[in-house]
Amino acid sequence: MEHDARKRLFVGLILGTCLLVCAMLVLLWWVPYVGLAAIHPLAPWGWGLIVAVLVLLVCWSGAGLLLNLVLKRSFPFARRFRGVTIKLYLPLITLLGRLFGIPKEDIRHSFVKVNNELVLSEAGVYRPEEILLLMPHCLQNSRCEMRLTYDIFNCKRCGKCPINDLLGLHEKYGVHLAIATGGTIARRIVVQKRPRLIVAVACDRDLSSGIQDTYPLPVFGVLNERPNGPCLDTRVSMERLEEALARFLAPEHREGRKKGGGTAQGSGEANDLDAARARKGGGNVKSDVARSGSGEAAEAAKGEMHG
């Protein structure tokens, strides 16, 4: 019920924004009407035709988005609906919501819900190496001394935070797994991994901005749980994440990898499971980033180690 209410809020704001934009376009036609007639007798009608086409495009995008959400199926140019929603409607809806006193948090929650519906309708299925699980650093226990941003396999797997369960998902399905401390590192990870789909966990603010930053790459957002307030010992539903993986993984990968199967990269900077096991066994195994000795990720990792 709560998700449906959030979706209805966003759809209502979209329709209100469509009407507002249409009214502004009609006003743009009406204001210069008298002046345009002095230039050429057909000039007002030519401008009116342009405005009419723009009004039709706005109405088409709003109606198409609404049908996409209601019928839960993809339509021609469905990807364009998500782009219009992310790039045009969200900023306008935020301004409109401010006029009516609607909290930003409610708008962002609604936006994430609608974005997920659009991603579900347009996205296909992918191999494990094409999916990235992108997690916020606040999932890590705040009293933990291990640094996981550049090597998630530093985790001791004590079970005091969700990182242990996330590593379990990575080992089971072979998808990429990364932790980011902010937007800059998150963008770097996306560039390095080059996924075709991201399943991201964050608060409503970070999810909304992340969805905008990574467009047109599809991002399925899962809101974290904050029992201790923002950015402190947050939680995430593993059932929700596994449901998302079951939806987006190709059928032959949905049961997980067979015992003894191959490994997959899953840290923030390209360490694999074999490196993690060797490290735990006392071996002197270095990450790909450390071996490179150069590049932005390596410099950042060195700074993190000496910080």
Side-chain angles (χ1 to χ4, degrees), residues 1-10 90 94 97 102-120 131-149 152-173 175-183 185-186 189-190 195 197-214 218-249 266-268:
M1 290 295 293
E2 183 181 0
H3 288 311
D4 291 338
R6 289 173 178 171
K7 186 165 67 174
R8 286 196 296 269
L9 169 63
F10 195 84
L90 182 59
T94 303
I102 300 175
K104 284 184 179 181
E105 183 178 1
D106 290 348
I107 295 176
R108 289 193 290 251
H109 278 218
S110 184
F111 167 69
V112 171
K113 174 63 178 175
V114 169
N115 171 79
N116 287 351
E117 296 275 357
L118 295 176
V119 170
L120 287 171
I131 298 177
L132 169 64
L133 288 176
L134 188 58
M135 303 292 117
H137 70 99
C138 57
L139 288 175
Q140 183 182 4
N141 190 299
S142 59
R143 292 173 292 278
C144 181
E145 296 180 355
M146 305 307 298
R147 297 183 182 272
L148 306 182
T149 305
I152 199 170
F153 292 109
N154 282 333
C155 177
K156 296 301 183 182
R157 310 195 72 162
C158 64
K160 294 181 179 179
C161 70
I163 303 301
N164 177 51
D165 294 331
L166 290 170
L167 284 168
L169 287 181
H170 157 68
E171 292 169 349
K172 180 178 179 180
Y173 295 104
V175 295
H176 291 297
L177 174 63
I179 290 182
T181 56
I185 292 180
I189 292 170
V190 171
L197 174 83
I198 298 174
V199 178
V201 173
C203 62
D204 57 279
R205 182 189 63 184
D206 290 345
L207 269 182
S208 298
S209 61
I211 290 169
Q212 289 180 292
D213 289 344
T214 56
V219 177
F220 185 88
V222 178
L223 291 169
N224 59 5
E225 302 166 5
R226 299 178 289 179
N228 303 298
C231 303
L232 180 66
D233 295 334
T234 60
R235 314 292 294 181
V236 63
S237 169
M238 293 299 150
E239 291 79 8
R240 181 76 168 128
L241 289 178
E242 198 152 11
E243 286 175 3
L245 291 177
R247 161 59 181 84
F248 294 116
L249 279 170
S267 75

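- Asp233 and Gln140 get closest at one heavy-atom pair: OD1-O, 3.6 Å.
- Between Ala200 and Val219, the shortest heavy-atom contact is CB-CG1, 3.9 Å.
- Side chain of Asn224 to backbone of Arg235: no donor-acceptor contact under 3.5 angstrom is found.
- Checking side-chain atoms of His170 against main-chain N and O of Val175 turns up a donor-acceptor pair under 3.5 Å.
- Proximity of a side-chain donor or acceptor of Asn154 to a complementary backbone N or O of Arg147 within less than 3.5 Å is detected.
- Looking at Asn115, its side chain never comes within 3.5 Å of a backbone N or O of Phe220 through a donor-acceptor pair.
- Taking every heavy atom of both residues into account, Leu9 and Ser110 meet most closely at C-OG, 4.1 Å.
- Between Glu242 and Lys172 there is a salt bridge, since at least one side-chain N of the basic residue sits less than 4.0 Å from a carboxylate O of the acidic one.
- In this structure, the side chain of Thr234 does not engage the main chain of Pro230 through any donor-acceptor pair within 3.5 Å.
- Checking side-chain atoms of Ser208 against main-chain N and O of Asp204 turns up a donor-acceptor pair under 3.5 Å.
- Side chains of Ile198 and Val190 form a contact here, defined as non-hydrogen atoms less than 4.5 Å apart.
- For Glu243 and Arg247, the salt-bridge test fails: no basic side-chain N is under 4.0 Å from an acidic carboxylate O.
- Summarising the geometry of Ala178 relative to Leu132, their closest heavy-atom pair is CB-CD1, 4.0 Å, with the distance given to 0.1 Å.
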